[in-house]
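Lettering of chains follows the sequences in order, A, B, ..., and the numbering in each one begins at 1.
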There are 2 protein chains.
Amino acid sequence: MALSDRKKQILKAVVDDYVQTAEPVGSRAVVARLKTNVSSATVRNEMADLERMGYLEQPHTSAGRVPSHLGYRLYVDELMNQYSVVPTEIDQFVSTLSLRMGELDRLITEAGRMVSELTNHPAIAVSPTMEEEAVRRFEVIQVDAETVVLVLVTTSDIIKNRICHLTFPLSDLEVTAANRALNAHFTNIPLEDLTDERITAAECGAGADITELLVAAIDFASDVLNTVMRRDIYLEGASQILKYPEFHDPGKAMALLDCLSDRNALSLLPVPDDKNPVQIRIGSENGTAPLDNASIIMTSFHTARGAKGLLGVVGPTRMDYAKVAARLCHFAEELNHLLNHDTRR
Amino acid sequence: MALSDRKKQILKAVVDDYVQTAEPVGSRAVVARLKTNVSSATVRNEMADLERMGYLEQPHTSAGRVPSHLGYRLYVDELMNQYSVVPTEIDQFVSTLSLRMGELDRLITEAGRMVSELTNHPAIAVSPTMEEEAVRRFEVIQVDAETVVLVLVTTSDIIKNRICHLTFPLSDLEVTAANRALNAHFTNIPLEDLTDERITAAECGAGADITELLVAAIDFASDVLNTVMRRDIYLEGASQILKYPEFHDPGKAMALLDCLSDRNALSLLPVPDDKNPVQIRIGSENGTAPLDNASIIMTSFHTARGAKGLLGVVGPTRMDYAKVAARLCHFAEELNHLLNHDTRR
DNA sequence: GGTTAGCACTCGAACTTCCTGAGTGCTAAA
DNA sequence: TTTAGCACTCAGGAAGTTCGAGTGCTAACC
């Protein structure tokens, strides 16, 4: 049973009005917002229909109507305006971020921070990962006799390092040997194959006593792969949620923030795919109590190596979906540009 | 004019009670908390004195008393109990953090996260820096023909890296030359001396066309030094503030969080020194409106190279100073241990 | 002198009651 | 099918009331 065009217009008007005012919308307000010359009584009848169909709700008899989750869903899927993004915001986003290129972790949190600032919502950022990650390149850098820095580059171009104090001084030769051994035996193999036997094997081939260094390096590598493959999730601009009257109740606000600050919050997020590059999850669709009055919009971005990260926002169900989704899309796009073309700076 | 011992005991009782209940404290509650057998009337007289002296305040005539900032100050300086920290908490702190050693940035935020969790307050963490920072060591690592990773270690052992795509392929020889040139000409000189003239000079000595690489490296170095010398400030567990009734008003909570999320929040923080390794700033002592009802406790930690970072918490003025300060001290101490002894893992 | 019992007084918090007005649903006419 | 009209509902605010925790003061007491 399809909705008449007028019903859709009325639903759209209700959502638009409610998003702006946060107050239940009455029939007169809808009339004021619509161009057509129908009376409020007509609108009332239509609204009663929409309520019966599940698109609107009434907080109490003598109040106006509020969109239901179903109403928002229809709005998001069919009705909402295209929103154009102000270029200055994009500029701001790009110029702030281009200062942080090269430090991937920081870039992600910084992107979250900007998104939060520019959308006025708390932002969620998830660091990019690939399904299978391995070490692509090892490097041992000697800082002083007993100190080295271990650097490794992963398959998806993430670079990590660790400073490492040894109990024995190392010669140049040993450093070179370690370098060769590490790159020969421990690159391009998956995490689970970084075993002790391999270390022994590598060591035999090296012809120098560098066990300590090798062990440290492999230890480091497995830490890194563990960390990298465990996607990190960042919540930025949490306090923004307090701007919205639906979260003025500190209990609700805390429940929301706590559940998103959790390291396992990832499982709560909708993940965009090729068919839906922007995922919108509304209220109870989130499937967990603290998020019942919240909506989440997520997009993805990817690094040059194809690792996929996520970027999104949380807000009240009464969220300006059009505006926020549009911005988010643009930001993700710009992030892709930054990550893929302009790698030097 | 010094306070009598009994007055001090009464003040202490008021603070202790108020910290626990968040309700103005009446004379009877004080009597119940004191061991001495004085009547509530006596306590009332003393409390009236304490109010006249500025240590207590009365929200309204028919209510109990609340400590003033001055009262908290005296409490903190002279009266509060020594608090002993539960070892399990320290264990938790240490074991979580030891997983993150070697990534300094992450370590700091993670430390903040733990502090916030274990104290139930939002935590502030400031990344360590030295007054003067320079590059101690450069390394150019070739990933493929046109791609290198630049790694540098700063004076205070911070390690940063950047991946760098060049327009020309590089030979092994050129990489070695660049390495040598960078370490010969650009280590141990302060940020402001990383000038173009030096690049030209270095290049002449190198005997190979590696300008592009050198420029990129120096560019990177100055970025890093800029970033590193600009102390970064992290606010973790922001939502904790909502636990406290004094910040149930979303406006106040937001004002507080916004002012601390700001990148320039550093100037608002008390900085511990040798004489006061734990700085406590109470309410209006903070000198800015959004922090009038908040107190800040800060301690410092330092890296092996002596760079000093900060770790602290924010809370309502009605904060359990004894408990929080004690924990914070222990955490900072453990962080020092981790950073200075146990660098390998 | 300091300490205490007793008492009148104060005033916020919580609970009523009342009123207002926005908004509804329904009916009957256009 | 639309509209005007009207009776009805009910949240939210204003005004009034009560309740009780807590005070300051006085006068007696040690």
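- Side-chain contact between B:Met114 and B:Gln92 is present, with heavy atoms from C-beta onward closer than 4.5 Å.
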For nucleotides 12-17 of chain D, tabulate all protein N/O to nucleotide N/O atom pairs closer than 3.5 Å, reporting atom names and distance.
none

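- Counting heavy-atom neighbours within 6.0 Å of A:Asp273 CG, excluding the residue itself, gives a total above 12.
- Pairs engaging residues 112-124 of chain A under the salt bridge (charged side-chain N to carboxylate O under 4.0 Å, His left out) rule: none recorded [sequence neighbours left out].
- Applying the salt bridge (charged side-chain N to carboxylate O under 4.0 Å, His left out) test to residues at least two apart or on different chains, the pairs with a partner in residues 46-60 of chain A are A:Arg6-A:Glu46, A:Lys7-A:Glu46, A:Lys7-A:Asp49, A:Asp49-A:Arg52, A:Glu51-A:Arg65.
- Dashed line: the shortest gap from a side-chain N or O of A:Thr42 to OP1 or OP2 of D:dT3 is under 4.0 Å.
- Contacts classified as salt bridge (charged side-chain N to carboxylate O under 4.0 Å, His left out) and involving residues 71-87 of chain B (residues at least two apart or in different chains) are given here: B:Lys8-B:Glu78, B:Arg73-B:Asp77, B:Arg73-B:Glu285.
- To the nearest angstrom, P of C:dT3 lies 10 Å from CD1 of B:Ile10.
- For the pair B:Leu56 CG and D:dG22 P, the interatomic distance rounds to 15 Å; values are reported in whole Å.
- The salt bridge (Lys or Arg N to Asp or Glu O under 4.0 Å) search around B:Glu333 returns none, not counting sequence neighbours.
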TODO: At under 4.0 Å between heavy atoms, which parts of nucleotides 18-30 of chain C does protein reach? Answer with one letter per nucleotide, 5' to 3': B base, S sugar-phosphate only, - none.
DONE: ----BSBB-----

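- Two residues are said to be in side-chain contact when any heavy atoms from C-beta on lie closer than 4.5 Å; B:Asp258 and B:Pro290 fail this criterion.
- For B:Arg281, there are no salt bridge (Lys or Arg N to Asp or Glu O under 4.0 Å) partners two or more places apart in sequence or in a different chain.
- Atom NZ of B:Lys243 is surrounded by more than 12 heavy atoms from other residues, nucleotides or ligands within 6.0 Å.
- Each end of the helix from C:dG1-D:dC30 to C:dA30-D:dT1 gets its own rotation axis from five pairs of C1' atoms, and the angle between them is 30° to the nearest 10 degrees.
- Residues satisfying the salt bridge (Lys or Arg N to Asp or Glu O under 4.0 Å) criterion with B:Lys12, sequence neighbours excluded, are B:Asp16.
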Protein and nucleotides 28-30 of chain D: nitrogen or oxygen contacts under 3.5 angstrom:
none

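- Atom CD in B:Glu23 sits roughly 19 Å away from atom P in C:dC11 (whole-Å rounding).
- Residues satisfying the salt bridge (Lys or Arg N to Asp or Glu O under 4.0 Å) test with A:Arg33, not counting sequence neighbours, are A:Asp17.
- Within the model, atoms CE of B:Met53 and OG of B:Ser68 stand 12.0 Å from one another, a figure rounded to the nearest 0.5 Å.
- Applying the side chain to side chain contact (heavy atoms under 4.5 Å, CB included) test to B:Asn264 and every residue at least two apart in sequence or in another chain returns B:Asp262.
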